Amino acid sequence: MSRTSADQSLARLDRAFYRRDAARVARELLGQRLVHIRDGVRVAGTIVETEAYLGTNDKAAHSYNGRRTARTETMYADGGTVYVFLNYGIHHLFNVVVAHQEEPQAVLIRALEPTEGLAAIRARRPRARQARDLCSGPGKLGAALAIDLSHDGADLVTSASLFIERARQRPLPKRQIIVGPRIGVDYAGEWAAEPLRFHIAGNIHVSGRS
DNA sequence: CCTCTGATCTTCT
DNA sequence: GAAGATCAGAGGG
């Protein structure tokens with residue numbers, strides 16, 4: 001299958017998509033395609049699980065209480081910027097900065113259904129026994145796509161190697177989206193109006209038990 | 001099926 | 001010194 005660069009930029013999500021609130025972007029990223037090209041190898045997967053992190057009032061967000069450090073600086077960038085941080089000193093977690101500059105909101109991509117570059121993904125995830133183990137969690141996804149701190153600050157709208165393609169024109173219908181509490185942040189409490197984790201119903205690549 | 005734990009870096013106390 | 005937006009392996013039922 002051939003594909004021109006013009007086709008790719010047509011399919012890519014644009015700045016306006018990212019310049020909206022985190023819960024909405026998190027919901028609408030479901031079903032879209034995250035792509036990373038490295039050494040000429042294109043690896044991609046359908047986004048099946050996301051979480052929204054909301055600015056300075058969200059105790060679970062790195063930007064809580066206006067916190068601004070070398071690590072979290074990227075959260076204050078414009079919508080469409082990539083925010084990568086090292087979790088537990090081991091895992092690279094991939095986030096999309098959303099909303100506008102100086103308005104720290106982000107969407108954590110928690111799971112993908114791999115669709116392209118399966119050989120490369122398998123090589124980067126040697127301990128995965130089954131297909132559902134490849135990208136079913138934020139740390140696994142980071143390893144599978146070879147995401148590291150060098151990608152922090154990249155621009156999904158203009159980067160030649162890291163971007164999100166519009167795999168579907170319309171958001172998924174509501175009945176195919178499960179909404180629930182975020183994972184691993186119980187300390188933050190249920191403070192928002194609605195839960196902030198979103199995943200595609202019935203998809204085996206979603207993290208945790210189904 | 002489940003619970004426990006080590007790995008290893010940033011940030012805050 | 002401790003905890004964290006995690007994962008994988010070990011051990012028990």
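On a predicted model such as this, the values are computed, not experimentally measured, just so you know. Numbers restart at 1 for each chain; the letters A, B, ... are given by sequence-line order, proteins then strands.
The shortest distance between side-chain heavy atoms of A:S136 and A:V206 does not fall below 4.5 Å.
Residue A:L93 contributes atom CG, which lies 15 Å from atom P of C:dG4 at whole-angstrom precision. One interatomic measurement links the two molecules: CE of A:M75 to P of B:dT11, which rounds to 14 Å at whole-angstrom precision. Distance CD1 (A:I90) to C1' (B:dT10): 13 Å, rounded to an integer number of Å. Look at NE2 on A:H62: it is 11 Å from P on C:dG4, rounded to the nearest Å. The interatomic distance linking A:H92 (NE2) with C:dG4 (P) rounds to 21 Å, in whole Å. Atom CG of A:L86 is separated from atom C1' of B:dT10 by 8 Å (rounded to the nearest Å). A straight line from CG of A:N87 to C1' of C:dA3 spans 11 Å, rounded to a whole angstrom. The nearest whole Å value for the distance from the CG atom in A:L141 to the C1' atom in C:dT6 is 12 Å.
Across B:dT5 and C:dG13, the matching P atoms stand 15 Å from one another, rounded to whole Å.
For A:R71, the side-chain atoms get nearest to B:dT10 when compared with the rest of C:dA8, B:dT10, C:dT6. The side chain of A:Y88 lies closest to C:dG4 when the candidates are C:dG4, B:dC12, B:dC9. Comparing B:dT11, B:dT8, C:dA8 against the side chain of A:T69 picks out B:dT11 as the nearest.
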Query raised in the report: Could you go step by step and tell me if A:R182 and A:E51 meet the salt bridge (Lys or Arg N to Asp or Glu O under 4.0 Å) rule?
Result: CA-CA 7 Å; A:R182 295 176 296 184; A:E51 283 179 356; 5.4 Å; no
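Atoms CG and CZ, on A:N95 and A:R110 in that order, are 11.0 Å from each other to the nearest 0.5 Å.
Counting any heavy atom pair closer than 4.0 Å across all strands shown, A:G89 reaches a base atom.
Position along DNA chain C of the nearest nucleotide to A:E51 versus A:R127 favours A:E51 as the more 5'-ward residue.
A donor atom on one side chain and an acceptor atom on the other are found under 3.5 Å apart for A:D155 and A:T158.
Within the shown strands, C:dG11 is the pairing partner of B:dC2 under the Watson-Crick or G-U definition, both distances less than 3.5 Å.
The pair A:R19-A:D78 counts as a salt bridge, with a side-chain nitrogen and a carboxylate oxygen less than 4.0 angstrom apart.
Close to C:dC7, at under 4.0 Å from its OP1 or OP2, lies no side-chain N or O of A:R125.
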